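A short write-up of the structure that comes next.
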Amino acid sequence: MIPDERRRRLVHMVQEQGAVSIAALTEALGVSHMTIRRDIKMLEDSGRLVSVSGGVTMPSRIQLDATHQAKLGIRPTEKDSIAARAADLVAPGDLVYLDAGTTMLSLARTLVARAGAEGLDVVTNDLVVAAEVGKHPQARVHVLGGRLDSGNMSTDGPLTAAELAEFNIDLAFVSASSFDLRGLSVPSQAKVIVKRAIVENSRRAYLTTDSSKYGRVAAFKAIPFEAFEGIITDPSLAEPARQRAAELGVDLITAAADPRKDTAAS
């Protein structure tokens with residue numbers, strides 16, 4: 001069987017069964033484990049499959065971001081731990097960008113709790129993040145305008161991107177609802193231009209997200225993997241993503257399973 005035909009059959013098996021083990025694929029296709037793993041890597045690089053423990057599955061496609069309220073109850077321990085590691089990177093005097101999302105809300109609270117609000121200088125398109133930092137009169141908060149995404153309580157679109165381009169940001173933390181080996185994807189063009197503007201106008205940009213967002217894909221490609229300085233995530237990030245980060249020279253910063261350990265270590 002020629003390689004292209006074998007890979008088509010491999011994808012078809014996964015589409016039919018939802019998830020297939022490496023052992024089942026080698027038996028069905030009559031090739032070695034090494035050959036199957038090479039095929040999976042090629043298919044995963046192109047976004048057609050996602051590796052899971054012991055096998056492979058189809059990417060999970062998202063149509064819309066979850067609402068802010070829904071996100072609050074999802075993986076709060078991981079978010080707090082990621083926030084603790086992200087806060088380690090912020091130096092006094094940095095102009096910091098906090099993207100939209102509940103991980104960013106946790107990061108905002110962590111920054112204030114650690115060093116106090118005095119000297120904290122934040123740009124954000126998230127209204128909840130802005131309100132949280134804005135509770136502290138000593139902090140400086142720059143809120144980006146644009147179209148309101150009421151579900152996420154954040155702004156997006158060309159006006160948001162244009163305002164963002166007026167800043168020289170030292171350190172940006174970029175949130176994600178979906179990413180794979182190709183990079184970050186988003187469900188709307190209005191979000192694409194904001195995500196790209198963040199990276200283009202920041203000295204350093206870190207993808208800051210829990211590992212459950214890996215292997216999900218949305219309609220629009222936003223930022224390639226290699227555009228990030230690093231990824232801040234939890235210990236459960238899949239091995240293919242870890243390998244891709246190493247290949248591209250993207251720092252992988254792994255948060256502790258217990259956020260109190262990160263806080264104690266900082």
Side-chain angles (χ1 to χ4, degrees), residues 1-66 74-75 78 82 174-189 191-192 195 206-255 257:
M1 188 186 307
I2 62 173
D4 284 348
E5 175 60 24
R6 183 179 66 244
R7 292 176 195 125
R8 280 194 291 271
R9 287 188 59 185
L10 192 160
V11 171
H12 183 66
M13 284 181 65
V14 178
Q15 287 173 332
E16 283 194 326
Q17 299 179 40
V20 186
S21 69
I22 301 292
L25 290 169
T26 57
E27 182 178 351
L29 299 174
V31 292
S32 68
H33 277 68
M34 186 174 295
T35 298
I36 287 296
R37 290 188 183 279
R38 281 199 300 263
D39 286 347
I40 289 172
K41 184 178 187 307
M42 182 176 295
L43 292 165
E44 191 164 17
D45 285 348
S46 64
R48 298 179 67 188
L49 295 176
V50 177
S51 292
V52 293
S53 179
V56 66
T57 188
M58 300 300 294
S60 173
R61 180 168 289 277
I62 66 167
Q63 302 297 329
L64 296 171
D65 283 336
I74 299 172
R75 308 192 84 185
E78 288 86 348
I82 290 164
V174 183
S175 61
S177 295
S178 52
F179 74 103
D180 60 13
L181 294 185
R182 297 169 296 174
L184 173 63
S185 59
V186 293
S188 71
Q189 289 179 313
K191 295 184 185 300
V192 169
K195 297 290 189 185
Y206 286 83
L207 179 60
T208 309
T209 182
D210 70 79
S211 61
S212 70
K213 311 300 173 51
Y214 176 72
R216 304 172 71 187
V217 62
F220 297 94
K221 297 177 183 177
I223 305 173
F225 216 96
E226 59 270 23
F228 293 105
E229 181 86 6
I231 301 171
I232 309 171
T233 190
D234 59 75
S236 299
L237 183 66
E239 186 58 31
R242 294 174 175 274
Q243 292 174 356
R244 175 56 57 89
E247 290 168 3
L248 296 173
V250 175
D251 290 341
L252 181 63
I253 300 173
T254 304

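A quick note: this is a predicted structure, and the numbers were derived from the prediction, not measured.
- At least one side-chain heavy atom of L237 sits less than 4.5 Å from a side-chain heavy atom of L252.
- Annotation: side-chain hydrogen bond (donor to acceptor under 3.5 Å, both in side chains) contacts of E247 (sequence neighbours excluded): R244.
- When all heavy atoms of F179 and T209 are compared, the pair lying nearest together is CE2-CG2, 3.6 Å.
- Between the side chain of K221 and the main chain of V192, no donor-acceptor pair closer than 3.5 Å is present.
- Side chains of I36 and L10 form a contact here, defined as non-hydrogen atoms less than 4.5 Å apart.
- Residue pairs meeting the salt bridge (Lys or Arg N to Asp or Glu O under 4.0 Å) criterion with at least one partner in residues 7-20, sequence neighbours excluded, are D4-R7, E5-R8, R7-D39.
- Counting heavy atoms from C-beta on, the side chains of I231 and F225 come closer than 4.5 Å.
- With no hydrogens or angles considered, a side-chain donor-acceptor pair links S185 and S178 at under 3.5 Å.
- The shortest side-chain heavy-atom distance between L181 and Y214 falls under the 4.5 Å cut-off.
- Closest approach of V20 to M13, counting heavy atoms only: CG2-O, 3.8 Å.
- With hydrogens and angles disregarded, a donor-acceptor distance shorter than 3.5 Å links the side chain of T208 to the backbone of Y206.
- A donor-acceptor pair shorter than 3.5 Å cannot be found between the side chains of S60 and K213.
- Heavy atoms only, all atoms of each residue included: P187 and K191 are closest at CD-CD, 4.2 Å.
- Counted within 6.0 Å of CZ on R37, heavy atoms from surrounding residues, nucleotides or ligands total 12 or fewer; the atom is thus considered open.
- The two residues A24 and S21 make their nearest non-hydrogen contact at N-OG, 3.0 Å.
- Of all heavy-atom pairs between S177 and R216, the closest is O-NH1, 3.3 Å.
- Other residues, nucleotides and ligands contribute only 12 or fewer heavy atoms inside 6.0 Å of the CD atom of Q189.
- The backbone N or O of S51 sits less than 3.5 Å from a side-chain atom of E44, completing a donor-acceptor pair.
- Here the shortest heavy-atom pairing between R48 and P59 reads O-CD, 3.3 Å.
- At least one side-chain heavy atom of L49 sits under 4.5 Å from a side-chain heavy atom of M58.
- Considering only heavy atoms from C-beta on, L25 comes within 4.5 Å of I40 through its side chain.
- Formation of a donor-acceptor pair under 3.5 Å by the T57 side chain with backbone atoms of G18 is found in this model.
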